[in-house]
Amino acid sequence: MRRISLAAAIALAPIAALLGPAPVDAQQERIQAEAQRNSCIRCHRVIDERRYSDPVREYVNDVHYSAGFGCVTCHGGDSRTLEKPRSKDPDLGYIGIPEIEDVPDLCARCHADPDFMKRYAPGMRTDQMARYRTSVHGRRLVELGDTKVAVCTSCHTAHAIRPADDPESSVHPPTVAETCGACHADSSYMAEFAIPTNQVDEYHRSVHWTMMEEGDLSAPTCNDCHGNHGAAPPEVEWVGAVCGQCHSAEEALFSLSGHPEAFVRLGRPGCAGCHGNHSIAQASDSMLGLKGGSLCVDCHEADEPEGKAAVAMRDLIEKLKLERHRSDSLLEAAEGAGLEVSQAMFELEDATNALVLARANTHAAEVDSVRARVEEGLQITGRAWERGKAAFRDLRNRRLGLAVSSGVILLLIVGIVLKIREMEAEGGERDG
């Protein structure tokens with residue numbers, strides 16, 4: 001029956017194309033236009049089973065279709081004929097649905113050929129296949145024959161491939177976690193690998209995901225840390241280098257401390273040892289010191305030099321925060337009173353920068369480096385405080401001057417009034 005239905009579809013497709021309803025959107029227009037020259041699309045678009053018809057609707061929006069590549073580019077055969085034996089002739093390269101293990105090589109026929117890719121996407125890298133072979137996915141596929149691993153179509157899809165900057169792409173930054181999670185968040189699928197499946201849930205609680213939701217597409221997602229074609233979990237000894245791609249200042253300072261060596265000995269993965277990996281919370285000053293919520297207490301005691309250093313760094317930062325807030329409040333009050341303090345408020349932002357740098361310097365675990373930044377900030381807050389006080393002194397002096405001037409004027413007015421009355425009284429006596 002399926003063969004009869006397919007034969008009928010092939011026979012009626014030209015008539016349907018002529019007599020069918022007008023296209024309702026641009027996608028249908030593309031499908032109908034392509035159906036006139038591509039027998040694969042002409043037949044598959046009218047098959048009831050979605051596994052055959054969905055690829056047609058998807059492919060007319062695919063980057064390969066836009067570049068002029070038809071179905072036979074990947075599937076082989078002859079799309080110029082409606083004769084099934086010839087359209088699916090193995091001698092013409094017809095392979096139908098590629099086997100999972102063959103997909104990387106199939107894609108690499110074009111994507112690993114620099115000369116070919118220069119004609120269509122000169123800026124695209126052509127080492128994806130080489131990098132894939134170094135990945136956990138690629139090694140398991142090649143060395144173990146494991147077909148449950150990700151291949152090209154697992155992430156990019158088979159027929160709906162779009163540029164990464166297209167919001168509908170499966171590899172658009174906000175969608176990457178969902179794409180990876182199709183396997184890695186499926187506990188039954190991942191059961192045999194003994195890998196946790198809560199990474200996506202944890203990532204959705206992280207500051208990185210919060211940034212992504214707020215529209216910052218540069219925020220890290222799965223492939224930024226694990227890689228994409230060369231995907232691999234960061235090893236303990238080089239997690240810091242991965243985080244340092246974005247947090248370069250902190251990574252450089254951290255490398256100067258004694259923590260990297262100690263963390264490796266403890267099996268604690270660098271930055272992730274304190275900040276976590278997938279569920280990275282917004283960094284806060286409460287992480288520093290030995291009070292409740294501190295991370296330092298995991299390894300250090302209050303009577304140890306390292307514990308005392310943690311407390312000292314926290315105290316320095318709290319002092320700068322307090323002084324900055326105090327000066328800022330004074331300047332805001334002065335501005336509210338109509339005083340000109342805009343320059344002082346602008347310069348006070350340098351104290352904020354000093355505070356940021358002081359926080360970054362805690363990664364070096366050196367009290368003196370934090371103190372140096374804090375002292376720079378305190379000098380700025382001190383100047384801002386004095387300028388705010390000077391503005392209020394000037395206001396008081398102006399108010400005092402105004403009061404004195406008003407008093408003098410009032411006395412003059414009273415004197416004049418009294419003099420007028422006296423003159424009026426004298427004139428009245430003369431008249432009498």
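- Residues Arg314 and Asp285 are not paired through a salt bridge, judged by the lack of any N-O separation under 4.0 Å between the basic side chain and the carboxylate.
- Separation of the Phe69 and Tyr59 ring centroids does not fall under the 6.0 Å cut-off.
- A salt bridge links Arg125 to Asp127: at least one charged side-chain nitrogen sits closer than 4.0 Å to a carboxylate oxygen.
- Ion pairing between a basic and an acidic side chain is recognised when a charged N comes within 4.0 Å of a carboxylate O; Arg205 and Asp201 show no such pairing.
- Without hydrogens or angle criteria, Glu213 side chain to Thr210 main chain gives no donor-acceptor distance under 3.5 Å.
- In the displayed structure, Lys148 atom NZ is contacted under 6.0 Å by more than 12 heavy atoms of other residues, nucleotides or ligands.
- For the side-chain contact (heavy atoms from CB on, under 4.5 Å) test, residues two or more places apart in sequence or in another chain that qualify with Arg399 are Leu395.
- For the pair Glu349 and Arg324, the salt-bridge criterion is met [side-chain N within less than 4.0 Å of a carboxylate O].
- Between His64 and His111, the ring planes are perpendicular. Angles over 60° get that label, and only those under 30° would be called parallel.
- Contact detail for Leu331 and Val341: the closest heavy-atom pair is O-CG2, 3.6 Å.
- Put simply, CE on Met313 and OG1 on Thr362 are 6.0 Å apart, with the number rounded to the nearest 0.5 Å.
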Run the salt bridge (Lys or Arg N to Asp or Glu O under 4.0 Å) test on Arg398 and Asp394 for me, step by step, so that the C-alpha distance in whole Å, both residues' side-chain angles and the decisive distance to 0.1 Å come before the verdict. CA-CA 6 Å; Arg398 280 188 282 164; Asp394 181 59; 3.1 Å; yes
Are Thr197 and Gln199 close enough, and set up right, to give a side-chain hydrogen bond (donor to acceptor under 3.5 Å, both in side chains), and what steps lead you there? CA-CA 6 Å; Thr197 55; Gln199 300 98 326; 5.7 Å; no
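- Of all the heavy atoms in Ala312 and Val367, the pair that sits closest is CB-CG1, 4.1 Å.
- With contacts defined as side-chain heavy-atom distances shorter than 4.5 Å, the pair Cys40/Arg42 does not qualify.
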Chi angles and distances behind the salt bridge (Lys or Arg N to Asp or Glu O under 4.0 Å) call for Lys389, Glu386: CA-CA 5 Å; Lys389 297 291 285 185; Glu386 289 303 322; over 6 Å; no
Run the side-chain contact (heavy atoms from CB on, under 4.5 Å) test on Arg373 and Leu316 for me, step by step, so that the C-alpha distance in whole Å, both residues' side-chain angles and the decisive distance to 0.1 Å come before the verdict. CA-CA 10 Å; Arg373 296 299 187 183; Leu316 285 166; over 6 Å; no
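- Look at Glu366 and Arg371 and you find no salt bridge, because none of the NZ, NE, NH1 or NH2 atoms lies under 4.0 Å from a carboxylate O.
- Counting only N and O atoms by type, the side chains of Glu375 and Gln379 include no donor and acceptor under 3.5 Å apart.
- Counting only heavy atoms from C-beta outward, the side chains of Gln343 and Glu347 approach each other to under 4.5 Å.
- Looking at every heavy atom in both residues, His208 comes nearest to Pro220 through CD2-CD, 3.6 Å.
- Salt-bridge formation is not detected for the pair Glu424/Arg421: no Lys NZ or Arg NE/NH1/NH2 atom is positioned less than 4.0 Å from an Asp or Glu carboxylate oxygen.
- Using a 4.5 Å heavy-atom threshold, the side chains of Val63 and Pro163 count as touching.
- Annotation: side chain of Asp146 is in contact with side chain of Phe193 (closest heavy-atom distance under 4.5 Å).
- Contact check for Leu141 versus His137: no side-chain heavy atoms found under the 4.5 Å cut-off.
- Proximity of Met212 to Thr221: side-chain heavy atoms (C-beta onward) are separated by under 4.5 Å at one or more points.
- Remark: Lys321 engages Glu318 in a salt bridge, criterion side-chain N to carboxylate O under 4.0 Å.
- The side-chain heavy atoms of Pro260 and Phe263, taken from C-beta on, include no pair separated by under 4.5 Å.
- Between Asp105 and Arg133 a salt bridge is recorded (basic side-chain N to carboxylate O distance below 4.0 Å).
- Side chains of Ser342 and Glu340: a donor-acceptor N/O pair is present below 3.5 angstrom, by distance only.
- Arg383 meets the salt bridge (Lys or Arg N to Asp or Glu O under 4.0 Å) test with no other residue; sequence neighbours excluded.
- In terms of heavy-atom proximity, His275 sits nearest to Ala283 at CE1-CB, 4.5 Å.
- Taking each heavy atom of Pro98 and Val103 in turn, the nearest pair found is CB-CG2, 4.3 Å.
- Arg50 is listed as a side-chain neighbour of Arg57, based on a closest heavy-atom distance under 4.5 Å.
- A salt bridge links Arg268 to Asp298: one of the charged nitrogens lies within less than 4.0 Å of a carboxylate oxygen.
- Enclosure of atom CD1 in Ile97 is not indicated, since only 12 or fewer non-hydrogen atoms of other residues, nucleotides or ligands lie within 6.0 angstrom.
- Heavy atoms only, all atoms of each residue included: Ser154 and Thr179 are closest at O-CG2, 4.3 Å.
- Other residues, nucleotides and ligands contribute at most 12 non-hydrogen atoms within 6.0 Å of the CD atom of Glu178.
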